[in-house]
Amino acid sequence: MMMDYESVIKLALERGFYFPSCEVYADAQAGFWEYGPSGVGLKNKFLELWRRELVRRDAMMEIDGSQIMSESVFEASGHLENFADPIIKCTKCGATFRADRMIAETAGVNIPEGADLAEFDKIISEKGMACPKCKGSFGGAKRFNMMFGVGIGPEGVGAYLRPETCQSIFVDFPRLYKTMRGRLPLGVAQVGKSFRNEIAPRQSLLRLREFYQAEIEVFCNPSRLGDVDRFSEIQDTSIRIQTEADPVLITCGQAVDSGIIPNKFVAYYLGLLAEFYEKTGIDIRKSRFRRLGEKEKAFYADVAFDFEVETSTGWLELVACNYRSDYDLLNHAKKSGEKFEVMDGEEKVLPHVFEISMGIDRSLYTILEHSLRRDEKNDRTVLSLRPYLSPVHVGVLSLVKKDGLKEKTDEVYLQLRKKCDAFLDHSGAIGRRYRRLDEVGAPLAITVDHQTIKDNTVTLRMRDSMEQKRVKISEIDSVVATLIAYP
RNA sequence: GCGGAGUUAGUUUAGCCUGGUAGGACGUCAGCUUCCCAAGCUGAAGGUCGCGGGUUCAAAUCCCGCACUCCGCACCA
């Protein structure tokens with residue numbers, strides 16, 4: 001049975017996955033959440049899987065950039081101008097509306113959202129527009145930018161918390177390419193925090209003001225998008241793609257042949273991404289790559305596929321895959337005066353960029369929801385995480401404390417704890433301790449009993465099947481290592 | 001930001017209408033039981049009753065403001 005949002009958040013709060021930030025204070029703001037010990041364990045293991053399946057598999061570089069970036073970066077990127085909504089506010093009831101949408105709907109006039117604010121005001125007064133709720137009059141149009149501004153140093157020089165991690169990658173590209181012996185196509189990856197001043201953050205990890213992204217920017221020669229060495233690795237990988245019609249399940253190879261995906265280059269990365277998510281334990285049958293229409297795409301995107309997964313809250317966008325063309329490098333080159341062109345063989349090119357922008361928090365939520373189940377037959381709640389993602393790999397338990405079992409258990413624990421995430425527990429009924437381990441997703445439990453004293457064997461209990469088998473203490477290390485290994 | 005519903009221990013919830021010592025269940029901890037799947041028994045800890053103000057001799061309870069959470073609208077990874 002699949003669990004709902006309420007069950008997931010209850011588990012998160014009770015078992016240390018995540019909880020609200022600053023919760024002891026009344027002025028705690030919405031949209032900020034913290035990961036507890038279990039959440040950090042899951043997140044770290046998830047990111048290790050991401051590195052294995054994408055970064056290392058494709059021989060990408062990984063960087064770690066500043067979260068605060070200077071104003072010029074966002075002038076060049078377009079965020080100062082485009083990452084802001086024109087809004088109008090009713091002077092009487094205080095209701096706020098998107099100025100461009102309101103004008104399009106009531107006055108039938110289309111003004112681009114990036115237009116000068118005076119244009120909005122002009123139409124509003126010409127058409128005599130009033131608040132649809134209370135008929136009050138509108139104040140002047142304003143721009144609400146979703147970037148958090150910060151002041152640097154005593155003079156408070158303007159800068160911003162980055163609204164997406166990738167700007168570091170674009171800005172760093174010339175140095176990385178020169179010093180790290182770059183060749184196209186070159187993937188540069190980054191994990192880090194981004195910040196967006198959402199108007200209405202909601203649903204814990206699903207819409208945050210401060211959130212984690214794992215982004216990959218692949219720099220490529222736009223004239224060689226059909227020339228992908230390792231395409232054969234994923235050409236038979238099946239993915240679900242939705243365009244205007246119903247989703248279709250086809251292989252990456254077929255998707256390119258039929259033109260659903262524009263080229264092998266994009267198909268290759270969608271294939272890698274699908275293989276990665278399959279290994280997170282998310283139910284891949286409930287996923288789709290949805291090709292975005294013109295109006296849905298971000299302002300910098302040429303072609304965009306969102307990787308979406310069905311959860312109890314509806315379809316949830318986990319990854320945005322955007323073909324950003326030369327938008328970013330061209331603008332940073334113009335603004336900075338730096339050269340961003342590189343040699344690809346004999347050819348001098350300004351690389352294009354394909355981006356795989358993953359929302360980590362949303363991914364972790366989805367993993368939890370898809371992994372959590374209620375086992376009515378055995379009256380237990382089980383978090384069936386993939387073993388390699390579990391915050392606790394193995395619980396080490398003494399069946400009873402006396403007769404030297406406690407001491408023996410401590411020995412086994414000491415033997416294991418540097419090699420994996422082991423959790424020692426001596427107290428309470430054995431069944432209760434197994435249930436507790438089930439809830440944090442520990443795939444294995446080792447129990448020291450009376451027979452252990454006689455023959456140096458322990459029982460190894462499997463979370464999902466509840467089956468037990470006896471294992472020699474001398475073999476525990478290798479048995480556990482095999483069972484919790486990354487695929 | 002708007003509209004609606006909420007906020008009492010780690011979780012879930014009673015008490016609020018009708019103001020007067022905040023209570024249960026689960027969980028946690030300790031002990032007994034020496035035991036392989038939330039058993040039982042004994043005991044304990046754990047509460048700024050979301051925050052601030054007002055009314056009152058007295059506020060979890062009545063009034064006002066704010067914050068947060070959830071559901072819709074709009075926006076997004």
Side-chain angles (χ1 to χ4, degrees), chain A residues 5-7 9-16 19-32 36 83-85 87-90 93-98 101-102 105 113 131-134 144 146 163-166 194-209 211-215 296 298 306-308 313 316-322 355-363 365 375 377-381 397-403 405-406 427-439 445 447-451 458-461 463 466-468 470:
Chain A
Y5 176 83
E6 289 296 325
S7 309
I9 197 153
K10 187 160 178 277
L11 177 86
L13 292 170
E14 283 182 345
R15 296 291 173 204
F19 44 85
S21 180
C22 313
E23 62 179 334
V24 301
Y25 286 105
D27 63 349
Q29 292 296 300
F32 301 93
F83 205 58
D85 295 335
I87 54 171
I88 44 174
K89 192 169 182 175
C90 171
C93 73
T96 307
F97 304 91
R98 278 280 297 265
R101 285 166 190 261
M102 176 65 68
E105 280 169 26
E113 62 172 47
C131 174
K133 288 188 179 170
C134 73
F144 175 70
M146 303 233 299
E164 50 178 7
T165 56
C166 59
S194 291
F195 304 82
R196 294 182 191 176
N197 200 358
E198 293 287 342
I199 298 167
R202 197 165 292 178
Q203 290 178 312
S204 61
L205 299 190
L206 304 189
R207 193 160 59 224
L208 294 160
R209 287 184 167 133
F211 59 103
Y212 281 103
Q213 291 185 303
E215 292 197 302
E296 287 182 289
D306 277 356
F307 179 72
E308 300 179 327
T313 65
L316 188 61
E317 179 185 347
L318 300 189
V319 188
C321 303
N322 296 307
E355 145 181 281
I356 305 166
S357 173
M358 191 168 87
I360 296 176
D361 315 278
R362 289 179 170 190
S363 297
Y365 171 82
D375 177 1
K377 187 171 154 235
N378 295 297
D379 190 24
R380 59 180 192 149
T381 300
L397 317 175
S398 48
L399 184 62
V400 296
K401 270 184 258 188
K402 62 183 193 181
D403 301 333
L405 297 193
K406 180 177 187 296
S427 67
I430 192 72
R432 181 185 303 271
R433 282 178 278 165
Y434 286 146
R435 293 298 186 279
R436 209 156 32 203
L437 288 166
D438 288 341
E439 281 194 27
T447 303
V448 170
D449 56 19
H450 291 98
Q451 196 182 328
V458 293
T459 60
L460 180 67
R461 177 216 188 232
R463 173 196 64 203
M466 297 173 74
E467 283 171 8
Q468 297 187 174
R470 291 210 78 85

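Labels below follow one simple rule: chain letters A, B, ... track the order of the sequence lines, proteins then strands, and each chain is numbered from 1. Quick caveat: nothing in here was measured; it's all calculated off a predicted structure.
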task = Please answer whether the main-chain N or O of M466(A) pairs with a side-chain N or O of R461(A) as donor and acceptor at a distance below 3.5 Å.
result =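 Not at all, since once roles are kept as given, no pair shorter than 3.5 Å links the two residues.
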
query = What pairs with R15(A) under salt bridge (charged side-chain N to carboxylate O under 4.0 Å, His left out), at least two apart in sequence or on another chain?
reply =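 Applying salt bridge (charged side-chain N to carboxylate O under 4.0 Å, His left out) to R15(A) gives E439(A).
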
For [X], which contact category applies under a 4.0 Å heavy-atom criterion: base, sugar-phosphate, or nothing?
X: S204(A); value: sugar-phosphate
X: L208(A); value: base
X: T447(A); value: base
X: Y5(A); value: sugar-phosphate
X: D361(A); value: nothing

From the options [options], select the nucleotide whose nearest atom is closest to the side chain of [X].
X: A30(A); options: U69(B), C76(B), C36(B); result: U69(B)
X: E439(A); options: A38(B), A74(B), C36(B); result: A38(B)
X: L399(A); options: C36(B), A77(B), A38(B); result: C36(B)

Quick check: any donor-acceptor pair below 3.5 Å linking the side-chain of [X] to the base of [N]?
X: D449(A); N: C36(B); value: yes
X: R435(A); N: C37(B); value: yes
X: R461(A); N: C37(B); value: yes
X: Q468(A); N: C36(B); value: yes

note = When R433(A) and D403(A) are each assigned the nearest nucleotide of RNA chain B, the 5'-most assignment goes to D403(A)

According to side chain to side chain contact (heavy atoms under 4.5 Å, CB included), who are the partners of [X], at least two apart in sequence or on a separate chain?
X: E23(A); answer: F19(A), P20(A)
X: P201(A); answer: A30(A), E198(A), R209(A)
X: T447(A); answer: L397(A), L399(A), I430(A), Y434(A), T459(A)

Mind calculating the distance between [atom1] ([X]) and [atom2] ([N]) to the nearest angstrom?
X: D379(A); N: C37(B); atom1: CG; atom2: C1'; answer: 11 Å
X: M466(A); N: C37(B); atom1: CE; atom2: C1'; answer: 5 Å
X: M146(A); N: G1(B); atom1: CE; atom2: P; answer: 15 Å
X: L405(A); N: C35(B); atom1: CG; atom2: C1'; answer: 11 Å
X: E467(A); N: C36(B); atom1: CD; atom2: P; answer: 18 Å
X: R463(A); N: C37(B); atom1: CZ; atom2: P; answer: 20 Å
X: E164(A); N: A77(B); atom1: CD; atom2: P; answer: 9 Å
X: L397(A); N: C37(B); atom1: CG; atom2: C1'; answer: 11 Å

request  = Quick one: closest heavy-atom pair of S194(A) and T165(A), and the distance?
outcome  =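 In this case the closest contact between S194(A) and T165(A) is OG-N, 3.1 Å.
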
With the criterion being N/O to N/O and under 3.5 Å, what pairs connect the protein with nucleotides 46-50 of chain B, and how long is each?
from: U48(B); atom 1: O4; to: V24(A); atom 2: O; distance (Å): 3.0

[X]: partners by side chain to side chain donor-acceptor pair (under 3.5 Å), with sequence neighbours left out:
X: R380(A); result: D375(A), D438(A)
X: R463(A); result: none
X: S427(A); result: none
X: D449(A); result: T452(A), R470(A)

In whole angstrom, give me the gap between the [atom1] atoms of [N] and [M].
N: C41(B); M: A5(B); atom1: P; answer: 43 Å
N: G15(B); M: C35(B); atom1: P; answer: 45 Å
N: A14(B); M: G40(B); atom1: C1'; answer: 27 Å
N: U13(B); M: G3(B); atom1: P; answer: 26 Å
N: G27(B); M: A59(B); atom1: C1'; answer: 31 Å
N: C76(B); M: U61(B); atom1: P; answer: 42 Å
N: G19(B); M: C62(B); atom1: P; answer: 9 Å
N: G10(B); M: G50(B); atom1: P; answer: 13 Å

Watson-Crick or G-U wobble partner for [N], using a 3.5 Å limit on both distances?
N: C32(B); answer: G40(B)
N: A74(B); answer: none
N: G19(B); answer: none
N: U7(B); answer: A67(B)
N: G47(B); answer: none
N: U55(B); answer: none

ask   = At what distance, to the nearest 0.5 angstrom, does CD1 of I9(A) lie from OH of Y365(A)?
value = 8.5 Å

ask   = For the atom pair CZ (R207(A)) and CZ (R196(A)), what is the distance rounded to the nearest 0.5 Å?
value = 12.0 Å

query = Looking only at side-chain N and O atoms, does Y434(A) come under 4.0 Å of OP1 or OP2 in C36(B)?
reply =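 Negative; the distance criterion is not met.
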
inquiry  = Less than 4.0 angstrom between a side-chain N/O of Q203(A) and OP1 or OP2 of C71(B), yes or no?
reply    = yes

message = Just so I know, are the side chains of L318(A) and M358(A) near enough to count as touching, which here means a heavy-atom distance under 4.5 Å?
response = no

task = Would you check if C166(A) and E355(A) make a side-chain contact, meaning some heavy-atom pair closer than 4.5 Å?
result =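 Side-chain contact under 4.5 Å: yes.
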
key: Stacked pair F211(A)-A77(B), distance under 5.5 Å, angle under 30°   =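 Stacking between F211(A) and A77(B): present.
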
Between protein and nucleotides 5-14 of chain B, what N or O pairs are separated by less than 3.5 Å?
from: U11(B); atom 1: O4'; to: E14(A); atom 2: OE2; distance (Å): 3.1
from: U11(B); atom 1: O2'; to: K10(A); atom 2: NZ; distance (Å): 3.3
from: U11(B); atom 1: O2'; to: E14(A); atom 2: OE2; distance (Å): 3.1

Nucleic acid footprint by protein, nucleotides 27-33 of chain B - heavy-atom cut-off 4.0 Å, B for base, S for sugar-phosphate alone = SSSSS--

query = Sequence neighbours excluded, which residues qualify as ring-ring contact (aromatic ring centres under 6.0 Å, His included) partners of F32(A)?
reply =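 For F32(A), no residue satisfies ring-ring contact (aromatic ring centres under 6.0 Å, His included) once neighbours in sequence are set aside.
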
